[in-house]
J.: 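Quick one: this structure, given as structure tokens, is what I'll be asking you about.
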Amino acid sequence: MTNREIANIFVAVADMLEIQGEIIHRVLSYRRTAETIAEYPREMRALVAEGKLNEIPGVGKVLAEKIQELVDTGRLEFYERLKAEVPEGVVEMLRVNGVGPKKAKMFWETADITTLDSLEAAAKDGKLRDLPGMGVKSEAKILEGIAAYRRRSTDTRTPLGIALPYAETILARLLEIPGALKGTVAGSTRRARPTIGDLDLLVASEDAAPLMEAFIHMPEVARVLGNGESKSSLELANGLQVDLRVLPPARWGTALQYFSGSQAHNIRLRELALKQGLSLNEHAFSRVSDDGEILCATEEEVYATLGLPWIPPELREDWGEVEAAQAGRLPNLITIDDIRSDLHMHTTWSDGKLSIREMAEAARLRGRQFIVITDHSRSAAVANGLSIERLLTQQQEVRAVDAEMRERYGFRVFHGSEIEIKADGTLDYPDDILAQLDFVVASLHVGLRQPREQVTQRALNAISNPHVDLMGHPRGQLIPDREGADLDMEALFAAAAKHDTALEINSNPERLDLEASYARRAVELGVKICIDTDAHSASDMDLLRFGIMTARRGWIEARSVVNTWALDAFLNWVTPRGK
DNA sequence: GCCGTTTTCGGCCCGACTGTTTTCAGTCG
């Protein structure tokens, strides 16, 4: 039973309890814990074994027992009982925009509607409009909601790599409208979650009306979900939901803070505010005593009012950042300017688009000081992997380019390889060949669905090989479609720390692997991190920002990241380990 | 269901928008 499976069950429990009319705080305790568990860096089964479930914030006696039951038996009696009580189709109704727990329950109990199909049929027959609290408009809205739900694929979340550029494009358009003073992308995009539910845009203006007008009339709008004075929501033709909020610049700080979330982080701040006799919302702080307002034009002022230093948005998940801020122990997060090298990239020798020389030049123009060329190894046939003979020939070309770039620019090019960790657990080149390379990245591309023990052992073999410097995209996940391998991450981290093998944060938005919570745990255990682009073209090198954002979400400082090191430090690290 | 330098019981963040409602409940984020 994986963390994500446990989280999914808790979400379903929360949904069913809410439909049953359970008090909302009991429902929310399941929902909050589901969120915590879904991205928890340690596995529940390990915490159960160590008796440490109560270390998870928000988990008390009851939830700990339920997690334990799931880990021990693979099922949860309480969940099975609820499933017998609440029809599956009624729970599914919650996914329809405009249908919440109260309406779902009402459809079920007063009209005996227990499936989405029968809800749709009833709406089409005009049978919903006479139900309590319903009308012609709500009936039509539900039909639209069902249609939109059916259009969406199973997973409605959008990869950050698509969401962010798209949000930036829409925002740039809005900022051209007269009266728009400034704007930003907020929400989970600003926090750099790997996938985004909907886009949140924030614009400062004294006059919201023209912005709202332009926003809801953009050409790509499929449906207007809401359109008020200060807030509008759209569904675009591509299915993406976009929210725009417009506020006056004097309130920018509270608005940006509020709209950036996360919800859990915001709740923490509002609780802190209340302890000081202040109520915090997106408009301002209000003194509870006399309703007097304290406006904040910057986020720094919001946090300062609470006695805190500014907290970078990537940390705002209630993963301990409020406590760290209170203690003056916020990390000094890595920035893109700290990066000096890129240790994982491909050329036309395998499946890349540019030559060694062209990749080197592209990296140099982007401010890198040295790179490693790491084309695919021989068994990666579809990626045109290099035979030993070609690998050694390639080395001559790398040396030639290195000599030239070094002479002209002081830029260095090293020779490496991204070697397959083969399905049988062996590496794709023998040790005496690996020993001739400057740098070795080992990656899992095949056999990702092997049983946990088997795939973990393969990874450990690679990490413990003295010639291997880095494990590339360790889990092999693809966003948003493919779960990573079922690896014992804690064992990987321990081995990586012991053998001084770095683990990668792959910057490609389809990977972002390690993800933030694992990267944070790895560094806690003493593992070095590489943030690489895995570039197959020059433009791929611009994806570095996604890797940096992911590292920042993982609380990572420059000193833990190999690519921030100067050449000497890098060479000192690779040299004594077999090369 | 969780939690406690006020509390082991009684709280638990806050507001925008919509539609159905004659003052507010439901939904959403």
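Below, chain A is the first sequence line, B the second, and so on; all start at residue 1. Being a predicted model, the structure only gives us computed values, none of them experimental.
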J.: So which one's nearest nucleotide on DNA chain B is more toward 5', A:Val96 or A:Val59?
T.: A:Val59
J.: What integer number of Å spans the C1' atoms of B:dT23 and B:dT18?
T.: 15 Å
J.: What interatomic distance, in whole Å, is found between P of B:dT27 and the corresponding atom of B:dT20?
T.: 13 Å
J.: Step through the shown structure and confirm whether more than 12 heavy atoms of other residues, nucleotides or ligands are within 6.0 Å of CD on A:Glu314.
T.: yes
J.: So what does A:Leu28 hit on the nucleic acid, given a heavy-atom distance under 4.0 Å: a base, only sugar-phosphate, or nothing?
T.: nothing
J.: What's the separation between atom CD1 in A:Ile9 and atom CD in A:Glu69, rounded to the nearest 0.5 Å?
T.: 10.0 Å
J.: Could you please name the partner base of B:dG10, counting Watson-Crick and G-U wobble pairs only when both distances are under 3.5 Å?
T.: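 Result: B:dC3.
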J.: Nearest to the side chain of A:Lys66, which nucleotide is it out of B:dG19, B:dG1, B:dC17?
T.: B:dG1
J.: Start with the C-alpha gap between A:Glu317 and A:Arg553, add the side-chain angles, then the distance that decides, and say whether salt bridge (Lys or Arg N to Asp or Glu O under 4.0 Å) holds.
T.: CA-CA 9 Å; A:Glu317 298 289 345; A:Arg553 266 178 80 73; 2.9 Å; yes
J.: Specify the separation, in whole Å, of atom CG of A:Leu128 and atom P of B:dG19.
T.: 15 Å
J.: Looking at B:dT20, B:dT18, B:dG29, which one has an atom nearest to any side-chain atom of A:Asn227?
T.: B:dT18
J.: Quick one: is A:Arg270 getting a side-chain N or O under 4.0 Å of the B:dC13 phosphate, OP1 or OP2?
T.: no
J.: Just to confirm, is there a sub-4.0 Å distance from OP1 or OP2 of B:dG29 to any side-chain nitrogen or oxygen of A:Gln241?
T.: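 Result: yes.
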J.: Could you tell me how far apart A:Phe259 (CZ) and B:dC14 (C1') are, to the nearest whole angstrom?
T.: 14 Å
J.: Report which part of the nucleic acid A:Val224 touches: base, sugar-phosphate, or nothing (heavy-atom distance under 4.0 Å, all strands).
T.: nothing
J.: Quote, to the nearest angstrom, the C1' distance that separates B:dG29 from B:dT22.
T.: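 Roughly 28 Å separates the two C1' atoms.
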J.: Rounding to the closest angstrom, what is the interatomic distance between B:dT8 and B:dC3 at atom C1'?
T.: 9 Å
J.: Check the side chains of A:Thr195 and A:Arg157 for a donor-acceptor pair under 3.5 angstrom, ignoring hydrogens and angles.
T.: yes
J.: For B:dT21 versus B:dC17, give the span between their C1' atoms, rounded off to a whole number of Å.
T.: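 So the two C1' atoms sit 15 Å from each other.
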J.: Just call it for A:Val27: base, sugar-phosphate, or nothing, with non-hydrogen atoms closer than 4.0 Å on any strand.
T.: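 The answer is nothing, as A:Val27 stays clear of every strand by at least 4.0 Å.
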J.: Taking only the side-chain heavy atoms of A:Lys137 (C-beta and beyond), determine which of B:dG19, B:dC2, B:dG15 contains the nearest atom.
T.: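 Comparing B:dG19, B:dC2, B:dG15 against the side chain of A:Lys137, the answer is B:dG19.
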J.: Quick check: does any side chain N or O of A:Glu139 sit under 3.5 Å from a backbone N or O of A:Arg129, one acting as donor and the other as acceptor?
T.: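 Yes, the answer is positive, given that a donor and an acceptor are paired below the 3.5 Å cut-off.
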J.: Please list, for nucleotides 22-26 of chain B, all pairs of protein and nucleotide N/O atoms separated by less than 3.5 Å.
T.:
none

J.: What's the verdict on salt bridge (Lys or Arg N to Asp or Glu O under 4.0 Å) for A:Arg150 and A:Glu120, showing C-alpha distance, side-chain angles and the deciding distance?
T.: CA-CA 11 Å; A:Arg150 296 234 158 97; A:Glu120 184 176 32; 2.6 Å; yes
J.: Can you tell me which nucleotide in B:dG29, B:dA16, B:dT20 comes closest to the side chain of A:Ser230?
T.: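 Between B:dG29, B:dA16, B:dT20, the one nearest the side chain of A:Ser230 would be B:dA16.
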J.: Rounding to the closest angstrom, what is the interatomic distance between B:dC12 and B:dT7 at atom C1'?
T.: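 Taking atom C1' in both B:dC12 and B:dT7, they lie 13 Å apart.
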J.: Which heavy atom in A:Tyr166 sits nearest to a heavy atom in A:Leu236, and how many Å separate them?
T.: CE2-CD1, 3.3 Å
J.: Both A:Asp200 and A:Met134 contact DNA chain B. Taking the nearest nucleotide for each, which residue is further toward the 5' end?
T.: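 Nearest nucleotide further toward 5': that of A:Met134.
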J.: Quick one: pull up NZ in A:Lys103 and CG in A:Leu131 and give me the separation to the nearest 0.5 Å.
T.: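 The CG atom of A:Leu131 is 10.5 Å from NZ of A:Lys103, to the nearest 0.5 Å.
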J.: For A:Arg245, which contact category applies under a 4.0 Å heavy-atom criterion: base, sugar-phosphate, or nothing?
T.: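 Contact class for A:Arg245: sugar-phosphate only.
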J.: Between A:Asp198 (CG) and B:dC17 (P), how many Å, whole number?
T.: 16 Å
J.: Does the side chain of A:Gln20 come under 3.5 Å of the side chain of A:Glu85 through a donor N or O and an acceptor N or O?
T.: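 Checked: A:Gln20/A:Glu85 side chains pair up, N/O donor to acceptor below 3.5 Å.
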J.: Would you mind reading off the distance between A:Glu229 atom CD and B:dC17 atom C1', rounded to a whole angstrom?
T.: 11 Å
J.: For A:Arg190 and A:Ser260: C-alpha separation, side-chain torsions, deciding distance, then whether side-chain hydrogen bond (donor to acceptor under 3.5 Å, both in side chains) applies.
T.: CA-CA 7 Å; A:Arg190 184 168 183 235; A:Ser260 296; 2.8 Å; yes
J.: Quantified in whole Å, what is the P atom distance between nucleotide B:dC14 and nucleotide B:dC9?
T.: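 Roughly 26 Å separates the two P atoms.
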J.: Can the positive tip of A:Lys66 be found less than 6.0 Å from the middle of the six-membered ring of A:Phe10, inside 45° of the ring normal?
T.: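 No, A:Lys66 does not sit over the ring of A:Phe10.
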J.: Rounded to whole angstroms, how far apart are CG on A:Leu225 and C1' on B:dT27?
T.: 12 Å
J.: Which part of the nucleic acid, if any, lies within contact of A:Asn266, taking any heavy atom under 4.0 Å across all strands shown: a base, the sugar-phosphate backbone alone, or nothing?
T.: nothing
J.: Hey, is the side chain of A:His283 poking within less than 4.0 Å of OP1 or OP2 on B:dA16, counting only N and O atoms?
T.: yes
J.: Nearest to the side chain of A:Glu282 - B:dT18, B:dA16, B:dC28?
T.: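 Between B:dT18, B:dA16, B:dC28, the one nearest the side chain of A:Glu282 would be B:dA16.
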J.: Could you tell me if the side chain of A:Arg521 sits less than 4.5 Å from the side chain of A:Phe493, heavy atoms only?
T.: yes
J.: Considering only heavy atoms, which members of residues 3-15 of chain A lie under 4.0 Å from some atom of DNA chain B?
T.: none
J.: Output the rounded distance in Å from CD (A:Gln263) to P (B:dA16).
T.: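 To the nearest whole Å, that distance equals 16 Å.
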J.: With side chain to side chain contact (heavy atoms under 4.5 Å, CB included) as the test, pick out the partner of A:Leu512 among A:Leu543, A:Ile505, A:Ile479, A:Asn506.
T.: A:Ile479
J.: Please tell me if A:Tyr258 has a side-chain N or O lying less than 4.0 Å from either OP1 or OP2 of B:dC14.
T.: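 A:Tyr258 to B:dC14 OP1/OP2: no side-chain N or O under 4.0 Å.
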J.: Looking only at atom types and distance, does a side-chain atom of A:Arg4 sit under 3.5 Å from a main-chain N or O of A:Glu39, one as donor and one as acceptor?
T.: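 Side chain of A:Arg4 to backbone of A:Glu39: no pair is present.
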J.: Taking OP1 and OP2 of B:dG1, is either one under 4.0 Å from a side-chain nitrogen or oxygen of A:Thr33?
T.: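 Result: no.
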J.: I'd like a list of close polar pairs between nucleotides 6-12 of chain B and the protein, N/O only, cut-off under 3.5 Å.
T.:
from   : atom 1 : to      : atom 2 : distance (Å)
B:dC12 : N4     : A:His25 : ND1    : 3.4

J.: Hey, what do you get for CG (A:Leu28) to CD (A:Glu35), rounding to the nearest 0.5 Å?
T.: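 Result: 9.5 Å between the selected atoms.
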J.: Send over the distance from A:Lys275 NZ to B:dG4 C1', rounded to a whole Å.
T.: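 That distance rounds to 9 Å.
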J.: Using whole Å, what does the distance between atom P of nucleotide B:dC2 and atom CG of A:Asp318 come to?
T.: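 One finds 16 Å between P of B:dC2 and CG of A:Asp318, rounded.
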J.: Roughly how many Å apart are B:dC13 and B:dG4, using the P atom of each and rounding to a whole number?
T.: 14 Å
J.: Name the closest nucleotide to the A:Ser279 side chain, picking from B:dC14, B:dG29, B:dG19.
T.: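 Among B:dC14, B:dG29, B:dG19, the one nearest the side chain of A:Ser279 is B:dC14.
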